[in-house]
Every structure is written in C-alpha cells, then in structure tokens.
Amino acid sequence: QVQLVESGGGLVQAGGSLTLSCAASRIMFNNVAMGWFRQAPGKEREFVAAIDGSGTRIYYADSAKGRFTISRDNAKNTAYLQMNSLKPEDTAIYYCAARFGRDLPASGYEYHYWGQGTQVTVSS
C-alpha cells in the first residue's frame with residue numbers, strides 16, 4: 001500500500017521559515033507528480049504547489065509564488081515544500097499528495113494518494 005508521510009510542521013513566528021517533507025514508500029516515486037495542499041480551519045482544501053516526476057515542471061498557487069519552493073529528491077523518495085516569509089494566514093494542515101500522469105492539477109480530486117497531514121501554525 002502506498003504511503004506518504006509528511007513531517008516538518010510546527011509553530012513559527014510570522015516572517016519565519018519551515019521546510020516540510022513528504023516521504024513516499026511502496027511507489028515508483030519518479031513516476032508520480034507530487035502536490036502540496038493545505039486546509040485551514042473552517043476553509044476548503046487549497047492547492048499550494050505541484051511538481052512533476054522529473055522535477056522539471058512546477059506549478060504554484062498565487063498565494064505561494066515567491067515565498068514557497070517545491071522540490072523533490074527522487075533518490076530519497078521525498079518531496080519538499082520550503083516556506084519562507086510565513087504569514088498567519090498560512091496557518092493550516094499541510095498535506096502532500098501523489099498522482100500518476102504528467103499533469104499538475106490544482107484539484108485535489110485528481111490526486112490518487114494522500115498523506116495524513118502536518119500542522120503549520122504561524123503566530124503574529
């Protein structure tokens with residue numbers, strides 16, 4: 001069974017940085033695109049960023065552009081989300097997701113596997 005495990009969340013002050021990791025197992029990692037999503041309390045799940053299997057194509061939500069960087073290390077079966085200049089409105093549970101195929105959709109329904117999430121809290 002495919003497993004995605006996020007780590008790296010925590011409490012950080014506004015303006016700070018965090019790097020989230022998503023370790024994948026039981027999957028041909030370089031065959032899947034990886035996405036990061038987040039869900040704040042009382043809000044719908046929101047797309048953050050996605051990267052293709054080779055790491056050459058990347059897509060960001062407007063809210064992430066210029067502050068967040070998605071990357072992956074296929075040798076380690078791990079995807080990352082580096083988050084800089086964090087704001088209180090970035091507070092959410094962050095999820096990684098995987099999908100087969102070349103597209104980088106912003107809809108979570110297009111992803112086949114999900115991690116359990118990691119909490120990110122940004123204090124003002």
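In this structure, Tyr80 is not a member of the same hydrophobic cluster as Met83, with clusters built from ILVMFWY side-chain heavy atoms closer than 4.5 Å. If you chain together hydrophobic residues whose side chains sit under 4.5 Å apart, Tyr94 and Val12 fall into the same group. Ile58 and Val48 fall within a single hydrophobic cluster, where Ile, Leu, Val, Met, Phe, Trp and Tyr side chains are chained together by heavy-atom contacts under 4.5 Å. If you chain together hydrophobic residues whose side chains sit under 4.5 Å apart, Met34 and Trp114 never meet in one group.
Glu110 places no side-chain N or O within 3.5 Å of a backbone atom of Pro105 that could act as its donor or acceptor partner. A distance-only check finds no donor-acceptor pair linking the side chain of Ser85 to the backbone of Gly15 [under 3.5 Å]. In this structure, Asp73 contributes its side chain and Ala75 its backbone to a donor-acceptor pair below 3.5 Å. Between the side chain of Tyr95 and the backbone N or O of Gly35, no donor-acceptor pair lies under 3.5 Å. In this structure, the side chain of Thr118 engages the main chain of Gly9 through a donor-acceptor pair within 3.5 Å. With Asp52 contributing its side chain and Arg57 its backbone, the two residues share a donor-acceptor pair below 3.5 Å.
Ile70 has its side chain within reach of Tyr60: a pair of non-hydrogen atoms, C-beta onward, lies under 4.5 Å apart. Counting heavy atoms from C-beta on, the side chains of Ser63 and Glu46 come closer than 4.5 Å. No side-chain heavy atom of Leu104 sits less than 4.5 Å from a side-chain heavy atom of Arg99. Between Val5 and Gln116, some side-chain heavy-atom pair lies under the 4.5 Å cut-off. In this structure, Asp90 and Val120 have side chains that are not in contact, with every pair of non-hydrogen atoms separated by 4.5 Å or more. You'll find the side chain of Arg38 stays beyond 4.5 Å of the side chain of Lys43, heavy atoms only.
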How far apart are the C-alpha atoms of Ser17 and Asn84, what are their side-chain angles, what is the distance that settles it, and do they pass the side-chain hydrogen bond (donor to acceptor under 3.5 Å, both in side chains) test? CA-CA 4 Å; Ser17 298; Asn84 298 326; 2.9 Å; yes

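For Phe47 and Tyr59, the gap between ring centers is short of 6.0 Å.
Annotation: the span from Asn77 atom CG to Ser25 atom OG amounts to 8.0 Å, rounded to 0.5 Å. With values rounded to the nearest 0.5 angstrom, Gln119 atom CD is found 9.5 Å from Leu11 atom CG. The distance from the CG atom of Leu4 to the OH atom of Tyr111 is 12.0 Å, given to the nearest 0.5 Å. The distance from atom CZ of Phe68 to atom CG of Leu18, rounded to the nearest 0.5 Å, is 9.5 Å. Taken to the nearest 0.5 Å, the OG atom of Ser71 stands 8.5 Å off from the CG atom of Leu81. A distance of 7.5 Å separates OG of Ser54 from CZ of Arg102, quoted to the nearest 0.5 Å.
Nearest heavy atoms, Arg67 versus Leu86: NH1-CA, 3.9 Å. Between Ala14 and Pro88, the shortest heavy-atom contact is CB-CD, 4.1 Å.
Cation-pi geometry between Arg45 and Trp36 is not met: the NZ or CZ atom fails to fall both under 6.0 Å from the ring centre and inside 45° of the normal. A cation-pi geometry, defined here as NZ or CZ lying under 6.0 Å from the six-membered ring centre and within 45° of its normal, holds between Arg72 and Phe29.
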